[in-house]
Participant: 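Here it is, the structure, as structure tokens.
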Amino acid sequence: MSEERSLNFIEEIVEEDLRTGKHNRRVLTRFPPEPNGYLHIGHAKSICLNFGLAQKYGGATNLRFDDTNPVTEDTEYVESIKEDVRWLGFNWANELYASDYFDIIYSFALTLIRKGLAYVDDSTPEEIAAQKGTPTEPGTPSPYRDRSIEENVQLFEEMKDGKYPDGAKVLRAKIDLASPNMHMRDPIMYRIKHAHHHRTGDKWCIYPMYDFAHGQSDSIEEITHSLCTLEFIPHRPLYEWFIEQLEIFPSRQYEFARLNLNYTVMSKRKLLQLVNEGHVEGWDDPRMPTISGLRRRGYTPAAIRDFCERIGVAKRENIIDVSLLEFCIREDLNKTAWRRMAVLDPVKLVITNYPEGQTETLHGENNPEVEGGEGGRDIPFSRELYIEREDFMEVPPKKFFRLGPGLMVRLKHAYIVKCEDFVKDEAGNVTEIQCTYIPESKSGQDTSGINVKGTIHWISVPHAKTAEVRLYDRLFRVEDPANEDGDFKEYLNPDSLQIIQNAYIEDDLTTAVPGKGYQFIRKGYFTLDKHSTPEKLVFNRTVTLKDGWVKK
RNA sequence: UGUCCGAUAGUAUAAGGGUAGUACAACUGAUUUUGGUUCAGUUUGUCUUGGUUCGAAUCCAGGUCGGACAACCA
């Protein structure tokens, strides 16, 4: 009963509001992406926070596209964002767009003009920048700052009516040029852009800026808790100033620290660069920290949600260790992934005392973590097998529990074998390992009394199927590429993708299902890639198994 | 030389005047037909200096360090 997890600071705010009866104890949040790129794991944090908060306190969450800049936005992004949010397991109460409110926001602007709190400014961008002053020096008024209300109304209407070219005029709030907060120094509310909007088409040629759209949209929807990231803290006084002057619903903004992950980059701009310059296959490249990339890589919604829960919510900047993300996906997949065998770097093993031409069918459970194994599959066994090259050492160190001259191992689901000899080519590469097997040691009916420390996986040569296997590693060589000297792309990991053209897999894997995770025993978790076909199977490695083996 | 935000093990995150806890990571050991899983255990922490107090991670003051802010981006 009192076994509750402690609250994060936003939950505390909400509970306090609930306690004091604010907003009739209503909780309405929103997730407000700009449709100008794909969602990444950082957005997942925000999604889980916003939707999770509403779920926990019996509220709801709107999905609202912050589409106030037609030149960078596109419906392609709208669709991918909706797919990602849905895939993560969340349902929005309403699908909304800031552009739905352009008429109301326009009337809000008129209201401020009539109150003498906004004016049309003909200054150039450079002049406006100069007028803002610097953080340590106050700004100076624009020569157009004191136009009459009538003139401002007329000019603003003319802006709307398309009488002026892009950049000729802007609408500015008249606040305080001496404010220590740069955002209060007469911020721009509207700018002219003769651009086609993905939803409103050519209806508008003026578009509101973020600061005069976001808070207004929150207020129109009667959002109770508007959550955003730390960099919007200085915007909050402006957010509240507009609401106060307009006398509209008092939404409140709360800021939390965005998610950073080590060994990757998280800004849309940088991710877009990686895509455009061909460093990755696309937004959904399995090495990308995008939701679509993680999905293609084999991450599950449950694992991502669990991750977002574990990282917490606070106001201090943070860089989360990817090992936590990896822990979350392993924990999920360990319980759900079916076990299969695959040999990625094969070397042949011949069982010299096993009859030539003989085959027998063994059995392996699907998942040992589940009571009863969740069923199983047949595994063909024969005299010649492929095993992993790294599972044999000519001169094994102490505590090497695999094969080497005279050493014994268990073949998973099969017999114990003993290494009697091996063959090398001229170059010194091992080409064949010769073993004898112990017939009484068959898996499940072992009467041999022999105990071996190691168990290895294998594939019967005559029954082997092939597949392409893609092994992924971190995209960058350094923890925080964005903060290194020079271009972040200099720190890309050249070995982030390793393609194995011909891995050997067990026959059963030819019926692998898209979207399902498989554990290749001892090798990691894998899932079918979107480019996989029945003729050419392609598997992505989601994550390796945790490796406790330390070489001495 | 401005304003704002922040500072607790390697990384995150609790403790809201009264035992510094949890997770990941790391390390030991046990179990194991996956060097996986599971289980048991270990190591590592309150930025600093003062003040208030019987008692401070917590409250106050000064400092230090890190971050944000001067797009017709969001």
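Reminder, nothing fancy here: chain letters follow the sequence lines and each chain counts from 1.
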Participant: OP1 or OP2 of B:U34 sitting under 4.0 Å from any side-chain N/O of A:Arg410?
Facilitator: no
Participant: For A:Glu231, is there any backbone N or O sitting under 3.5 Å from a side-chain donor or acceptor partner on A:Thr229?
Facilitator: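 Not at all, since once roles are kept as given, no pair shorter than 3.5 Å links the two residues.
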Participant: What distance, rounded to whole Å, do you find between the two P atoms, one in B:U64 and one in B:C73?
Facilitator: 38 Å
Participant: For atom P, what is the distance between B:G45 and B:U22, given to the nearest Å?
Facilitator: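 Roughly 15 Å separates the two P atoms.
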Participant: Please determine whether any donor N or O and acceptor N or O are separated by less than 3.5 Å between the side chain of A:Ser443 and the base of B:U33.
Facilitator: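 Yes, the side chain and the base share a sub-3.5 Å donor-acceptor pair.
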Participant: Give one of base, sugar-phosphate or nothing for A:Glu326, where a contact means two heavy atoms less than 4.0 Å apart.
Facilitator: nothing
Participant: What distance, rounded to whole Å, do you find between the two P atoms, one in B:U48 and one in B:A56?
Facilitator: 15 Å
Participant: In whole Å, I'd like the distance from the CG atom of A:Asn262 to the P atom of B:A12.
Facilitator: 9 Å
Participant: Kindly say if A:Arg330 contacts the phosphate of B:U37, meaning a side-chain N or O under 4.0 Å from OP1 or OP2.
Facilitator: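 It does not, given that no N or O in the side chain of A:Arg330 lies less than 4.0 Å from OP1 or OP2 of B:U37.
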Participant: Determine whether a donor-acceptor pair (N or O, by modelled atom type, separation under 3.5 Å) exists between the side chain of A:His43 and the backbone of A:His40.
Facilitator: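 Between the backbone of A:His40 and the side chain of A:His43 there is a qualifying donor-acceptor contact (under 3.5 Å).
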Participant: Report which part of the nucleic acid A:Phe400 touches: base, sugar-phosphate, or nothing (heavy-atom distance under 4.0 Å, all strands).
Facilitator: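 Here A:Phe400 touches the bases of the nucleic acid.
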Participant: From C-beta outward on A:Tyr210, which listed nucleotide comes closest to its side chain: B:A74, B:U34, B:A14?
Facilitator: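 Closest of the options to the side chain of A:Tyr210: B:A74.
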Participant: Is it the case that A:His363 and A:Asp378 place a side-chain donor and acceptor less than 3.5 Å from each other?
Facilitator: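 Distance-only check fails for A:His363 and A:Asp378.
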Participant: For B:U13, does either OP1 or OP2 sit under 4.0 Å from a side-chain N or O belonging to A:Arg316?
Facilitator: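 So the side-chain polar atoms of A:Arg316 do come within 4.0 Å of the phosphate oxygens OP1 or OP2 of B:U13, strictly under.
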Participant: Using a cut-off of less than 4.0 Å, is there contact between a side-chain N or O of A:Arg258 and OP1 or OP2 of B:G67?
Facilitator: no
Participant: Counting only Watson-Crick or G-U wobble pairs whose two distances fall under 3.5 Å, which nucleotide matches B:C65?
Facilitator: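 Because both required distances fall under 3.5 Å, B:C65 counts as paired with B:G6.
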Participant: Provide the closest heavy-atom pair for A:Met341 versus A:Leu509 in the form atom of the first, atom of the second, distance.
Facilitator: O-CD2, 4.0 Å
Participant: Is any side-chain nitrogen or oxygen of A:Lys193 closer than 4.0 Å to OP1 or OP2 of B:C73?
Facilitator: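 A:Lys193 to B:C73 OP1/OP2: side-chain N or O found under 4.0 Å.
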Participant: Any cation-pi pair here, A:Lys193 with A:Tyr207, using under 6.0 Å and within 45°?
Facilitator: no
Participant: In terms of side-chain heavy atoms, does A:Asp332 have a donor or acceptor partner in A:Tyr299 at a distance below 3.5 Å?
Facilitator: no
Participant: May I ask you to check whether A:His198 and A:Asp74 show a side-chain donor-acceptor distance below 3.5 Å?
Facilitator: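 On atom types as modelled, these side chains do not qualify, holding no pair under 3.5 Å.
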Participant: Using atom P of each nucleotide, how far apart are B:U46 and B:U8 to the nearest Å?
Facilitator: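 Here B:U46 and B:U8 have their P atoms 11 Å from each other.
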Participant: So what does A:Gly548 touch, heavy atoms closer than 4.0 Å: a base, only the sugar-phosphate, or nothing?
Facilitator: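 Touches sugar-phosphate only.
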Participant: Regarding A:Arg236 and the six-membered ring of A:Trp241, is the cationic atom NZ or CZ under 6.0 Å from the ring centre and inside 45° of its axis?
Facilitator: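 Output no; distance or angle outside limits.
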Participant: Short of 4.0 Å, heavy atom to strand atom, which residues of residues 68-77 of chain A count as contacting RNA chain B?
Facilitator: A:Thr68, A:Asn69
Participant: For RNA chain B, whose closest nucleotide is more 5', that of A:Lys546 or that of A:Thr124?
Facilitator: A:Lys546
Participant: Looking only at N and O atoms, is any donor in the side chain of A:His235 or the base of B:A74 less than 3.5 Å from an acceptor on the other one?
Facilitator: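 Pair found.
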Participant: Contact class for A:Pro368 vs. all strands (heavy atom < 4.0 Å): base, sugar-phosphate, or nothing?
Facilitator: base
Participant: Map A:Lys45 and A:Ser123 onto RNA chain B by nearest heavy atom, then report which one ends up closer to the 5' terminus.
Facilitator: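 Looking at the nearest nucleotide for each, A:Lys45 comes out on the 5' side.
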